[in-house]
Amino acid sequence: MDGDGIGPEVNRQATMVLKAAAAQAGLELELEEAPIGGAGYDAAGHPLPEDSLKRAKASDAVLLGAIGGPQYDKLDFSLRPERGILQLRAGLELFANLRPASIYGDLAEASTLKSEVVKNTDLMVVRELTGGIYFGQPRGIEGEKGRRKGFNTMVYTEPEIERIGRIGFEIAGKRRRQLLSVDKANVLEVSVLWREVMESLAPEYPDVKLEHMYVDNASMQLIRNPQGLDTICTGNMFGDILSDAAAMLTGSIGMLPSASIGSRYAMYEPVHGSAPDIAGQDKANPLAAILSVGMMFRYSFDMPQVEDAIRQAVVSTLATWRTSDIMTPGKKQVGCMEMGERVVENLKV
Ligand code: IPM
Ligand code: MG
């Protein structure tokens, strides 16, 4: 699903890497395309056309580009591109969103933070994706003009916290075994419950060290000492905010991939948006989409060695080639297409 803005161009490069990696690994692929976001609205009058959801459900994995654009800003809220992606997440029950932020090669120089602060950053944000304030009821805008109120509800049930918590513990167990649960338990009841459930799971994962932090402090630690963080498990909105900050540590939001998983379906997408200002100009960084394909091999096809090979190809490519968002002195600048081609050249599964 290409979506809008730079979605189609980054997806084209990611698909090329997907095909090359599958061919080298002896995996047969069947690819289909379906509209979503503004493209869904243009094609079928809805940001998530029924047929697109049906086809996503018939697939082993979905690769999503990006959604949104200024031409859709005036649409009714229910028809905005963002509703499409939220409905797709809900429709596929993708309750866990994994957003790894690590530094590839010598990209630390491209970060807005000092190189020594970020250079060994390797963290994973595990974000709850189908609950919390994004989906809580009641919600709305009510009342007479001038006296209206807008409201949303931040709500988590114990089973919802437990299933994302388990993913957090499992992922941390395969990493450096430090799990940081992020909440706002000094103010919000929903966070008090979140903390209690996380604590109750801890004895089942004795190898993992669980700690808690308030979200305001966590946002500070992310830019103060990101190298001290391993796995962060948090709710939908806190995860949305913290993962954008985490992305910037790595040099550019154009570097951050993600996997959204549930018990049956999976979707892979770059964390960045549709960047309408550079769409169609061959300037976008396709690496987040390409690295998302890497995650697809690990989490959907159970071929972690292919993800390793894709990451390695990205690191080798970055040694010489850079898109403009991560350009530093001494490197050669390329566009979106050439970046994809270089990664394919460097790919050895
Ligand atoms: C993200 C995006 C989405 C979100 C938007 C586009 C609805 O910011 O994937 O982080 O808020 O989840
Ligand atoms: Mg976001």
Side-chain angles (χ1 to χ4, degrees), residues 1-8 10-11 14 35-41 46-48 52-53 56 62-73 75-101 123-136 139 152-154 156 160 164 182 215 218-219 222 232-250 252-262 265-277 279 284-285 288-289 291-292 295:
M1 298 174 133
D2 288 348
D4 312 316
I6 60 170
V10 298
N11 253 9
I36 187 167
Y41 177 78
H46 194 277
L48 180 61
S52 295
L53 178 60
V62 173
L63 177 66
L64 193 120
I67 52 103
Q71 68 272 46
Y72 307 110
D73 284 352
L75 287 176
D76 186 73
F77 193 69
S78 66
L79 294 174
R80 298 273 297 266
E82 290 77 10
R83 304 313 303 167
I85 200 167
L86 294 169
Q87 284 169 16
L88 184 63
R89 289 170 181 171
L92 300 180
E93 294 166 84
L94 305 171
F95 66 87
N97 182 218
L98 315 182
R99 299 186 160 183
L123 61 90
M124 172 78 93
V125 178
V126 177
R127 169 188 176 194
E128 200 288 329
L129 202 60
T130 52
I133 195 164
Y134 271 51
F135 292 93
R139 62 189 297 163
N152 289 86
T153 304
M154 190 147 168
Y156 274 116
E160 281 178 313
I164 191 68
V182 171
V215 62
S219 70
L222 258 181
I232 295 174
C233 184
T234 190
N236 206 342
M237 188 163 70
F238 297 158
D240 176 46
I241 298 167
L242 294 179
S243 60
D244 263 30
M248 242 359 250
L249 304 171
T250 69
S252 163
I253 195 162
M255 292 301 302
L256 216 74
S258 84
S260 302
I261 53 185
Y265 307 107
M267 174 163 88
Y268 301 85
E269 59 175 309
V271 170
H272 63 69
S274 58
D277 52 322
N285 182 349
L291 292 164
S292 300
M295 296 187 85

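All values reported here derive from a predicted model rather than from experimental measurement. Atoms within a ligand are numbered from 1 in the order they appear, just like the ligands themselves. The first residue of the sequence shown is numbered 1, and numbering continues consecutively from there.
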message: Testing D240, N97, L98 one by one against L129 for a side-chain contact (heavy atoms from CB on, under 4.5 Å), which residue passes?
response: N97
- request: Have a look at L64 and tell me which of N11, D2, I85 forms a side-chain contact (heavy atoms from CB on, under 4.5 Å) with it.
  value: I85
query: Just wondering, more than 12 heavy atoms not from Y41 lying within 6.0 Å of its OH?
result: no
message: For E93, I'd like to know if atom CD has over 12 heavy atoms of other residues, nucleotides or ligands within 6.0 Å.
response: no
What are the two closest non-hydrogen atoms of [X] and [Y], and how far apart are they?
{"X": "A259", "Y": "Y268", "result": "CB-CE2, 3.5 Å"}
{"X": "H272", "Y": "A288", "result": "CD2-CB, 3.8 Å"}
{"X": "A246", "Y": "A101", "result": "O-CB, 3.8 Å"}
{"X": "F238", "Y": "V182", "result": "CD1-O, 4.2 Å"}

query: Can you count the protein N, O or S atoms that lie less than 2.8 Å from the Mg ion (ligand 2)?
result: 1
field: Axial cation check for Y134 ring with R127, 6.0 Å and 45° limits
entry: yes
Does ligand 1 have any N/O pairs with the protein under 3.5 Å, and how far apart?
from: ligand 1; atom 1: 8 (O); to: D240; atom 2: OD1; distance (Å): 3.2
from: ligand 1; atom 1: 9 (O); to: R89; atom 2: NH2; distance (Å): 2.7
from: ligand 1; atom 1: 9 (O); to: R99; atom 2: NH2; distance (Å): 2.8
from: ligand 1; atom 1: 10 (O); to: R99; atom 2: NH1; distance (Å): 3.1
from: ligand 1; atom 1: 10 (O); to: R99; atom 2: NH2; distance (Å): 3.1
from: ligand 1; atom 1: 10 (O); to: R127; atom 2: NH1; distance (Å): 3.4
from: ligand 1; atom 1: 10 (O); to: D240; atom 2: OD1; distance (Å): 2.8
from: ligand 1; atom 1: 11 (O); to: Y134; atom 2: OH; distance (Å): 2.5
from: ligand 1; atom 1: 12 (O); to: R89; atom 2: NH1; distance (Å): 2.7
from: ligand 1; atom 1: 12 (O); to: R127; atom 2: NH1; distance (Å): 3.3
from: ligand 1; atom 1: 12 (O); to: R127; atom 2: NH2; distance (Å): 2.8

